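Report on the structure given below.
These values consider heavy atoms only, across backbone and side chains, with no hydrogens, waters or symmetry-generated copies. Values in this document were obtained by computation on a predicted structure and should not be read as measured data.
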Amino acid sequence: MEDIQKRIMQLREELHQHNYNYYVLSAPVIPDVEFDQMLRELQDLENEHPEYFDKNSPTQRVGSDISTSFKQVQHRYPMLSLANTYSEAEIQDFYERIRKALNEDFEIVCELKYDGTSISLLYENGMLSQAITRGDGVQGDDVTENVRTIRSVPLKLRGSDYPDSFEVRGEIMMPWEVFESLNREREKQGEALFANPRNATSGTVKQQNSSIVASRKLDAIFYYLLGEELPTDNHYDNLQKMKSWGIKISSATKKCNTLEEIFSFIRYWDVERKNLPFATDGIVLKVNSLLQQKNLGYTAKSPRWAISFKYQAERALTTLQSVSYQIGRIGTVTPVANLEPVLLSGTIVKRASLHNSDIMENLDLHIGDKLFVEKGGEIIPKIVGVDVNLRTADLGEKVSFVKNCPECGARLIRYEGEAAHYCPNDTGCPPQIKGRIEHFVSRRAMNIEGLGSETIDLLYRIGMINDPSDLYQLKWQELSRLERLGEKSAKNIIAEVEKSVEIPFERVLFALGIRFVGETVAKKIARNMKNMDVIKNASLEELVGIDEVGNRIAESVKAYFEKEPNLQMLERLKEAGVQFSLDETTLAAHSDKLQGKTIVISGTFTLHSRDEYKALIEQHGGKNSGSVSKKTDILLAGDNMGPAKLQKAENWGIKIMNENEFLQMLQE
């Protein structure tokens with residue numbers, strides 16, 4: 001056993017080092033396949049020996065698919081915003097105010113202003129203990145489990161000269177490449193596109209499912225150190241110390257002694273930042289000396305010793321040639337402006353989303369209008385206005401949102417409280433049909449490889465498939481005669497289709513593409529109702545009774561199972577052998593021992609991780625909660641739990657159990 005523990009510790013240390021080399025230094029020293037082999041070995045050893053579990057192990061970066069709610073945490077130091085400037089004259093005013101207030105020499109540290117989501121990390125004894133969002137500046141959400149999945153965030157610090165307790169602040173970001181890939185996938189699924197990486201990052205960090213966070217490959221850069229015992233008395237040197245501990249900082253950081261040096265930095269990065277893998281929207285200037293920062297102090301909203309300079313968004317003028325409409329997988333109708341090609345931020349822009357009818361109406365568009373198009377921090381071109389002064393007598397007709405689906409002719413509908421219009425003809429509208437099949441075969445659904453959008457489009461056009469059940473009737477001999485396929489590709493597709501009948505029921509339910517039923521909700525419904533027939537016959541009240549299923553989701557599920565084409569397709573899928581119920585192993589592991597009970601987990605544990613306990617609670621019919629209330633039935637108490645939760649539980653007479661007592665209760 002000692003040898004096994006030693007090997008586990010060795011693998012963890014080596015993998016932490018390789019993570020640092022790859023994600024912080026961008027200088028890997030081993031190939032990816034070797035890293036994956038080491039990680040797999042560690043995962044196997046940890047599974048076989050749960051007594052050596054460590055929440056900061058490299059294996060914990062993959063996240064969990066268990067839904068969690070976020071608790072509010074008060075910041076040790078308020079997270080204030082910075083005052084913004086937009087011109088060199090304003091920068092000069094800031095510089096002069098500092099000079100007059102200090103009446104002594106000072107340095108300004110210039111840094112890039114990354115356009116992401118602000119985050120505060122707390123480290124205790126060299127280990128990541130908590131990650132908190134900005135929130136309202138006084139308190140934010142505890143998103144520790146999500147941030148643990150970001151590989152550039154060190155779970156364990158390097159070296160030994162760091163303070164026992166400190167805080168670092170920085171920005172979580174989504175690289176352009178990941179952002180573009182995510183939007184391509186959302187477009188395929190008929191989902192609304194993220195306007196920019198900042199919005200995508202913010203939405204990802206607040207995901208209830210940390211495995212989704214892990215899949216989106218976020219990155220992070222840190223720019224400020226706080227604590228009672230800081231290593232140096234100036235900001236720049238503290239950044240270098242952070243770097244030595246394995247915390248990723250920006251390489252674009254410079255100490256400046258004159259205004260001209262500051263302006264030179266700003267002008268250089270106005271051009272060069274466009275070559276970076278992340279979105280940036282300006283420069284941050286900070287007085288270097290911590291003592292001088294203290295002497296300068298704060299206003300009610302921001303520090304007097306720091307300011308941000310924001311670059312102007314790049315804008316171009318072009319002509320509206322026409323408006324077309326895209327139909328998504330779930331029938332969302334998105335208007336798109338087709339433009340006279342124009343160069344903007346280094347790329348040729350020909351199209352820009354108009355998002356919905358309200359935005360289109362507010363712009364008061366006419367064919368031939370001269371439109372202002374911006375990118376700035378946006379990667380998706382955005383129409384920000386019309387130059388009405390350039391309208392001429394021969395201006396084209398006013399653009400009005402279509403009333404019927406341009407693909408199938410069905411009358412469009414708009415749900416109360418929603419901005420988008422929808423085509424209700426989900427079983428007869430070609431883009432929706434193809435979109436649902438693409439969703440069905442996708443990796444997180446039935447995982448049928450070899451069927452890309454072009455192949456699905458071809459099979460649909462020639463009448464070989466009209467819904468997902470038709471995939472199970474395909475023959476390789478027929479496929480092999482089609483353009484671009486051939487015998488080998490055809491046989492591979494058929495093998496993938498046949499293999500998909502082993503996909504678990506929860507993913508089958510997700511693969512159907514029922515509106516509003518994502519992965520987590522599909523899993524909740526499947527585990528609660530056990531098989532497809534029960535779901536089909538469930539009442540609205542029974543569906544709403546499932547955790548995380550509200551009226552909107554329940555009504556969508558009911559509507560899906562009331563349509564005859566869907567029922568016929570389901571019958572064909574069932575005949576093909578697709579899983580329509582939870583397997584016996586999954587069913588055997590479930591019980592109702594915790595049915596109706598709300599359980600709060602707090603503290604650290606040795607026998608299982610917090611996520612594993614959450615899974616156990618769900619497995620036995622219980623409900624997880626992030627905060628203690630009078631409705632709480634059990635407080636599962638670990639080491640170092642919050643005293644406030646314990647006090648509340650004791651005051652309200654809530655049952656308090658340690659992990660041994662809890663596991664014993666489940667075994668009885």
Side-chain angles (χ1 to χ4, degrees), residues 23-24 26 75 77-84 109-123 128 130-137 140-144 146-155 166-179 182 194-207 213-214 216-226 235-236 238-240 242-243 245-254 265-266 269 272-286 302-303 306-311 376-379:
Y23 292 101
V24 179
S26 299
H75 292 295
Y77 310 92
M79 289 187 77
L80 302 177
S81 57
L82 294 178
N84 290 326
V109 178
C110 292
E111 307 165 6
L112 284 177
K113 185 175 183 295
Y114 292 96
D115 198 15
T117 294
S118 297
I119 196 74
S120 171
L121 303 186
L122 304 181
Y123 282 90
L128 175 65
Q130 204 165 37
I132 309 166
T133 63
R134 178 189 187 82
D136 61 5
D141 288 324
D142 185 335
V143 291
T144 309
N146 285 350
V147 170
R148 285 185 189 282
T149 69
I150 302 173
R151 294 182 181 271
S152 52
V153 173
L155 304 178
F166 66 89
E167 178 178 348
V168 291
R169 289 181 177 170
E171 206 81 1
I172 297 176
M173 298 161 295
M174 181 176 287
W176 287 119
E177 185 179 349
V178 177
F179 172 76
L182 176 62
F194 287 117
N196 51 49
R198 178 184 64 254
N199 291 1
T201 302
S202 178
T204 300
V205 169
K206 295 299 292 290
Q207 278 280 341
V213 184
R216 291 190 179 172
K217 302 175 184 174
L218 298 177
D219 207 334
I221 287 179
F222 296 90
Y223 47 68
Y224 199 50
L225 177 67
L226 298 103
H235 171 63
Y236 184 86
N238 281 338
L239 288 178
Q240 306 314 309
M242 287 163 53
K243 182 179 179 181
W245 303 333
I247 297 170
K248 189 173 182 178
I249 68 169
S250 172
S251 58
T253 302
K254 183 180 180 182
F265 185 91
I266 289 172
W269 283 107
E272 196 59 33
R273 68 194 179 93
K274 294 165 187 173
N275 298 320
L276 294 173
F278 306 112
T280 58
D281 61 357
I283 302 294
V284 175
L285 289 73
K286 299 173 186 171
S302 58
I307 202 165
S308 76
F309 171 84
K310 300 198 82 170
Y311 291 116
E378 320 271 334
I379 194 167

(message) If the condition is side chain to side chain contact (heavy atoms under 4.5 Å, CB included), which residues does Lys113 pass it with, not counting sequence neighbours?
(response) Asp281, Val284, Ser308, Lys310
(message) If you define the side chain from C-beta out and look only at heavy atoms, does anything of Pro303 sit under 4.5 Å from Leu82?
(response) yes
(request) Quick one: closest heavy-atom pair of Ser81 and Ser302, and the distance? (result) O-CB, 2.8 Å
(message) Is there a side-chain contact between Pro154 and Ile247 in this structure, where contact means two heavy atoms from C-beta onward sitting under 4.5 Å apart?
(response) yes
(request) Let me see the working for Gln207 and Asn146 under side chain to side chain donor-acceptor pair (under 3.5 Å), right down to the final yes or no. (result) CA-CA 8 Å; Gln207 278 280 341; Asn146 285 350; over 6 Å; no
(request) Would you mind reporting whether Ser118 and Glu171 have side-chain heavy atoms less than 4.5 Å apart? (result) yes
(message) To the nearest 0.5 Å, what is the distance between CD1 on Ile172 and OG1 on Thr201?
(response) 8.0 Å
(request) Give a yes or no on whether the backbone of Gly135 and the side-chain of His75 come within a donor-acceptor separation of less than 3.5 Å. (result) no
(message) Quick check: do Ile221 and Met173 have side-chain heavy atoms less than 4.5 Å from each other?
(response) yes
(request) Check Thr144 against Gln130 and note the closest heavy-atom contact, atom names and distance. (result) OG1-CA, 3.4 Å
(request) Taking the side chain as every heavy atom from C-beta outward, state whether Tyr77 and Glu167 have any pair of such atoms under 4.5 Å apart. (result) yes
(request) List the atom of Thr133, the atom of Val205, and the distance in Å for their closest heavy-atom pair. (result) CG2-CG1, 4.2 Å
(request) Starting at OH of Tyr236, measure out to CG of Asn238 and round the result to the nearest 0.5 Å. (result) 12.5 Å
(request) Say whether, by atom type as modelled, one donor and one acceptor occur between the side chain of Arg198 and the main chain of Ala279 under 3.5 angstrom. (result) no
(request) Keeping the roles fixed (side chain from Ser250, backbone from Ala252), state whether a donor-acceptor pair exists under 3.5 Å. (result) yes
(message) Is the shortest side-chain heavy-atom distance between Asp141 and Ile132 below 4.5 Å?
(response) no
(request) State whether the side chain of Thr204 and the backbone N or O of Ala200 hold a donor-acceptor pair below 3.5 Å, judged by distance alone. (result) yes
(message) For Lys254, I'd like to know if atom NZ has over 12 heavy atoms of other residues, nucleotides or ligands within 6.0 Å.
(response) yes
(message) Any heavy-atom pair between the side chains of Ser120 and Arg169 that's under 4.5 Å?
(response) yes
(message) A side-chain contact here means heavy atoms from C-beta on lying under 4.5 Å apart; do Ile283 and Leu112 qualify?
(response) yes
(request) Rounded to the nearest 0.5 Å, what's the gap from CZ on Phe179 to CZ on Arg216? Could you check? (result) 11.0 Å
(message) I need the minimum non-hydrogen distance between Ile150 and Leu218, along with the two atoms involved.
(response) CG2-O, 3.4 Å
(request) Could you walk me through whether Leu225 and Val168 pass side chain to side chain contact (heavy atoms under 4.5 Å, CB included), step by step? (result) CA-CA 5 Å; Leu225 177 67; Val168 291; 3.8 Å; yes
(request) Could you check Lys206 against Thr117 for side chain to side chain contact (heavy atoms under 4.5 Å, CB included), going step by step and ending with a plain yes or no? (result) CA-CA 10 Å; Lys206 295 299 292 290; Thr117 294; over 6 Å; no
(request) Rounded to the nearest 0.5 Å, what's the gap from CD on Glu177 to CG on Leu182? Could you check? (result) 12.5 Å
(request) Verify whether the ring centers belonging to Phe166 and Trp245 lie closer than 6.0 Å. (result) yes
(message) Ignoring hydrogens and geometry beyond distance, is a side-chain donor-acceptor pair present between Ser152 and Asp219 at under 3.5 Å?
(response) yes
(request) Take the angle between the ring planes of Phe309 and Tyr311 and call it parallel below 30°, perpendicular above 60°, tilted in between. (result) perpendicular
(request) Work out which heavy atom in Tyr223 is nearest to a heavy atom in His235; give both atom names and the distance. (result) O-CE1, 2.9 Å
(request) Give the minimum heavy-atom separation between Leu121 and Phe222, together with the two atoms involved. (result) CD1-CZ, 3.3 Å
